[in-house]
2 protein chains.
Amino acid sequence: MKLKEFAKQLGLSPTTVSRALSGYPEVSEVTRARVVQEAVRLGYRPNVNAVRLKTGRVGAIGVVMGRAGEFHFAEFMAGMAERLITEDTDILVIPMADPEYDAEMQLYRRLAESQRVDAIIVHSPRPNDQRIALLHELGMPFLVHGRSDIDVPHPWLDIDNEGAVRRATSHLIALGHTRIAMINGRQGATYALHRDIGYRSALQSHGIEVDPQLIANGNFTDEIGFRFARSFLEQPKRPTAFVAGSMMTALGIYRAARSLGLQIGSDVSVIAHDDVFPYLTADNMVPSLSATRSSMRAAGTRCADLVLQLLAGRSPTEIHELWPVELILRESTGPVRELQT
Amino acid sequence: MKLKEFAKQLGLSPTTVSRALSGYPEVSEVTRARVVQEAVRLGYRPNVNAVRLKTGRVGAIGVVMGRAGEFHFAEFMAGMAERLITEDTDILVIPMADPEYDAEMQLYRRLAESQRVDAIIVHSPRPNDQRIALLHELGMPFLVHGRSDIDVPHPWLDIDNEGAVRRATSHLIALGHTRIAMINGRQGATYALHRDIGYRSALQSHGIEVDPQLIANGNFTDEIGFRFARSFLEQPKRPTAFVAGSMMTALGIYRAARSLGLQIGSDVSVIAHDDVFPYLTADNMVPSLSATRSSMRAAGTRCADLVLQLLAGRSPTEIHELWPVELILRESTGPVRELQT
DNA sequence: AGGTAAATTGAAATCGGTTTGAGAAAATAT
DNA sequence: ATATTTTCTCAAACCGATTTCAATTTACCT
């Protein structure tokens with residue numbers, strides 16, 4: 001059923017029908033009601049691609065998916081979906097080829113110029129992130145999930161990684177820990193940097209020297225958690241506490257500690273960051289995991305919301321949202337208890 | 001840069017340019033080469049939405065994301081992405097509102113009629129899945145990831161869930177286990193049914209009676225694994241082995257066993273299904289987890305491939321791919337050792 | 001050279017809508 | 001009753017490509 005045909009059936013012109021359906025004020029309420037009702041009855045729906053071509057609006061938000069296929073991603077998207085379900089807006093997932101710099105920039109450029117999306121969400125930004133500069137320059141609406149130090153105004157939503165880790169670390173210090181290891185995310189992303197800063201600032205403000213031997217970076221996997229935790233714990237001056245970047249990392253740390261006969265919560269304390277997953281909860285781990293918590297899903301929902309606002313005309317420069325992070329103490333943290341090696 | 005403008009710069013008609021770029025044979029190689037080269041130099045790219053409108057082809061595959069935001073999903077999509085990266089095809093993620101039947105059918109109908117995607121991938125089909133009937137009826141190309149018993153021809157890719165679980169269960173029986181619990185996925189999906197069949201057939205062919213008290217269904221979460229495992233293990237005649245639907249479920253079972261002081265691999269054997277995640281590997285668990293393994297990512301890649309073939313004209317009725325599942329034995333399985341309660 | 005076949009090229013129609021600018025009808029003001 | 005404003009409707013232009021059909025050029029034969 002095409003517009004022309006449909007209009008003819010109603011005895012109206014295509015113009016009037018189009019206006020009636022798009023809510024323009026020039027059409028009387030009586031007519032509009034009739035048009036809407038008949039559209040439902042006869043099953044008329046405007047051809048999306050014709051509308052897209054004509055209006056330039058696509059009704060889609062682009063999200064670039066890193067090669068790694070992180071488990072966070074699904075949660076974030078589920079969150080976005082929650083918000084977009086009522087809207088007439090799709091989520092377009094753009095796969096990223098290889099992590100080479102040029103290819104990445106190329107991808108974003110092409111995406112921005114391709115008219116396939118109305119806006120883009122940029123993930124895991126780096127301190128000096130050229131993607132942001134590029135999108136800004138191209139005039140493509142975008143929202144950064146995370147932050148960047150780059151000298152280009154950009155709307156962002158981020159969680160207070162620095163504060164979260166500072167509090168986590170400070171709490172461990174308050175429990176008497178001085179050798180606190182940090183298993184952070186991959187180097188390069190701003191969030192990893194912020195967490196690093198939070199960690200260092202907590203140590204320094206308590207006069208504890210930072211030991212580079214106790215800092216590691218890597219993907220958020222069980223494997224990474226295990227490997228680093230194990231190697232740290234085998235050092236002569238082993239750490240008595242860990243700050244970890246993710247639940248998976250924490251699983252690895254638990255495993256490493258167990259494998260060495262160490263008790264989590266007494267011999268070794270652990271605080272990890274929990275993005276809140278439906279399938280793996282910090283409270284259920286044994287012992288239950290103390291965590292800095294912030295829902296990835298909620299972030300997705302809010303990001304979708306902000307993007308919609310952006311597209312509705314809200315100024316990008318005024319969108320800066322920093323979410324506080326809860327610190328939830330459970331059984332995996334306890335007072336220090338020094339052990340002889 | 002528009003086609004008209006670009007063509008003028010080249011001193012050619014839009015027709016010729018369009019043909020050159022789309023690889024039509026009517027244009028000489030010399031001209032084509034020049035056009036392609038200049039297109040790159042001047043940065044001309046056809047407007048996607050004009051092409052979509054004109055050709056009716058969208059260049060997008062739709063995937064409906066369930067509300068649950070399962071962790072499998074990201075892996076599957078990453079796999080799809082791997083295949084589609086070279087193609088000019090997007091992945092459109094369609095959020096599913098609430099799992100009410102009507103809403104779901106409505107969603108698929110609208111999606112199919114909306115011209116936003118060229119094909120749809122249907123997940124977690126049910127034995128009698130009306131979505132399949134609908135899509136078939138509407139003539140929308142689709143591929144089922146999983147299978148359905150519905151009396152409508154449909155192209156599918158599935159893993160041999162029945163065989164996998166049968167082998168897993170048989171292996172446990174061979175080790176002497178007779179009280180084998182099954183923590184399956186949510187009831188309703190075909191894969192859960194197939195696993196159930198595999199489980200029962202293994203027991204029956206060894207003359208072991210099926211005990212409904214040892215069968216549970218639920219989401220693939222640590223929580224579900226723990227709760228059911230715990231309650232099973234607290235029964236007077238506790239099971240000595242578990243067959244589990246996912247790695248997360250296995251984590252829960254491990255936890256439950258530990259909490260009761262039982263040793264995995266000796267007191268209790270566990271085999272779970274492993275979809276192969278980069279962030280959590282069966283081999284790394286302690287003790288390492290025996291698993292039926294099949295890569296979700298590979299399935300995504302292949303599904304994308306099959307959809308492309310479908311769109312290229314391959315007959316849907318001839319696409320039926322059943323993947324065998326590896327059974328990988330590790331430390332979590334061992335000979336039965338009956339304990340007194 | 002002249003005629004035919006083959007290889008190129010282009011003008012114009014088309015995809016299915018939105019929106020501008022203008023006209024007709026109805027309502028209000030003078 | 002006429003002029004003016006307001007409300008509603010429409011014809012036609014346009015978005016930016018693809019593709020049909022016809023025309024032109026080049027290549028090949030005799």
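Computation of the quantities below employed the complete heavy-atom set of this structure, encompassing side-chain atoms and omitting hydrogens, waters and symmetry-equivalent molecules. Below, chains carry the letters A, B, ... as their sequence lines are ordered, and counting in each starts from 1.
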Practice prompt. Check the surroundings of atom CZ in A/R32: do more than 12 heavy atoms from other residues, nucleotides or ligands lie under 6.0 Å from it?
Written response: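 It does: A/R32 CZ has more than 12 such atoms within range.
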Item to complete: Assess whether atom CZ of A/R314 is packed by more than 12 heavy atoms of other residues, nucleotides or ligands within 6.0 Å.
Response: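 Yes, CZ of A/R314 has more than 12 neighbouring heavy atoms, counting only those of other groups under 6.0 Å.
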Taking [atom1] from [X] and [atom2] from [N], how many angstroms apart are they, rounded to a whole number?
X     : N      : atom1 : atom2 : answer
A/L10 : D/dC10 : CG    : C1'   : 15 Å
B/R57 : D/dA17 : CZ    : C1'   : 12 Å
A/K4  : D/dA11 : NZ    : C1'   : 12 Å
A/L3  : D/dA12 : CG    : C1'   : 14 Å
B/Y24 : D/dA17 : OH    : C1'   : 12 Å

Worksheet item: When the C1' atoms of the five terminal pairs at each end define the local axes, what inter-axis angle does the helix from C/dA1-D/dT30 to C/dT30-D/dA1 show, to 10 degrees?
Response: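 Between the axes fitted at each end of the helix from C/dA1-D/dT30 to C/dT30-D/dA1 lies an angle of 40°.
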Just distance, no hydrogens or angles: give the donor-acceptor pairs under 3.5 Å from side chains in residues 42-53 of chain A, sequence neighbours left out.
{"residue": "A/N47", "atom": "OD1", "partner": "A/N49", "partner atom": "N", "Å": "2.7"}
{"residue": "A/N47", "atom": "OD1", "partner": "A/A50", "partner atom": "N", "Å": "2.9"}
{"residue": "A/N49", "atom": "OD1", "partner": "A/R52", "partner atom": "NH1", "Å": "3.3"}
{"residue": "A/N49", "atom": "ND2", "partner": "B/Q115", "partner atom": "O", "Å": "3.3"}
{"residue": "A/R52", "atom": "NE", "partner": "A/V58", "partner atom": "O", "Å": "3.0"}
{"residue": "A/R52", "atom": "NH2", "partner": "A/V58", "partner atom": "O", "Å": "3.4"}

Using the 3.5 Å cut-off, write out each protein N or O paired with an N or O of nucleotides 20-23 of chain D and the distance between them.
{"residue": "D/dT20", "atom": "O4", "partner": "B/R19", "partner atom": "NH2", "Å": "3.4"}
{"residue": "D/dC21", "atom": "N4", "partner": "B/R19", "partner atom": "NH2", "Å": "3.1"}

Worksheet item: Can you tell which of B/W323, B/W156, B/F76, B/Y191 makes a ring pair (Phe, Tyr, Trp, His ring centres under 6.0 Å) with B/H145?
Response: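 Filter result, single survivor: B/F76.
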Could you check whether [X] pairs with [Y] (Lys NZ or Arg NE/NH1/NH2 to Asp/Glu carboxylate O, under 4.0 Å)?
X      : Y      : value
A/R116 : B/D90  : yes
A/R34  : A/E38  : no
A/E137 : A/R131 : no

Worksheet item: Would you say A/T190's side chain and A/R147's backbone share a donor-acceptor pair under 3.5 angstrom?
Response: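 Flag set: sc A/T190 to bb A/R147 pair under 3.5 Å.
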Would you be so kind as to tabulate the donor-acceptor pairs closer than 3.5 Å made by side chains of residues 16-24 of chain B, with sequence neighbours excluded?
{"residue": "B/T16", "atom": "OG1", "partner": "B/S13", "partner atom": "OG", "Å": "3.2"}
{"residue": "B/S22", "atom": "OG", "partner": "B/S18", "partner atom": "O", "Å": "2.8"}

Discussion item. Do A/L310 and A/I319 make a side-chain contact, defined as non-hydrogen atoms from C-beta onward lying under 4.5 Å apart?
Written reply: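 They are in side-chain contact.
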Discussion item. Taking the side chain as everything from C-beta on, heavy atoms only, tell me whether A/I91 gets closer than 4.5 Å to A/L84.
Written reply: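 Heavy-atom side-chain distance check passes, below 4.5 Å.
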Worksheet item: Passes ring-ring contact (aromatic ring centres under 6.0 Å, His included), A/H154 versus A/F142? Steps please.
Response: CA-CA 8 Å; A/H154 57 281; A/F142 67 98; 7.0 Å; no
Discussion item. For a quick check under 3.5 Å, do A/S295 and A/R297 share a side-chain donor-acceptor pair by atom type?
Written reply: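 No - no donor-acceptor pair under 3.5 Å links their side chains.
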Item to complete: Residues of residues 28-56 of chain A with any non-hydrogen atom less than 4.0 angstrom from an atom of DNA chain D: list those, numerically ordered, please.
Response: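 Heavy-atom contacts with DNA chain D come from A/S28, A/T31, A/L53, A/K54.
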Practice prompt. Walk along DNA chain C from 5' to 3' and tell me the first and last nucleotide with an atom closer than 4.0 Å to a non-hydrogen atom of chain A.
Written response: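 On DNA chain C, the outermost contacted nucleotides are C/dG16 to C/dG21.
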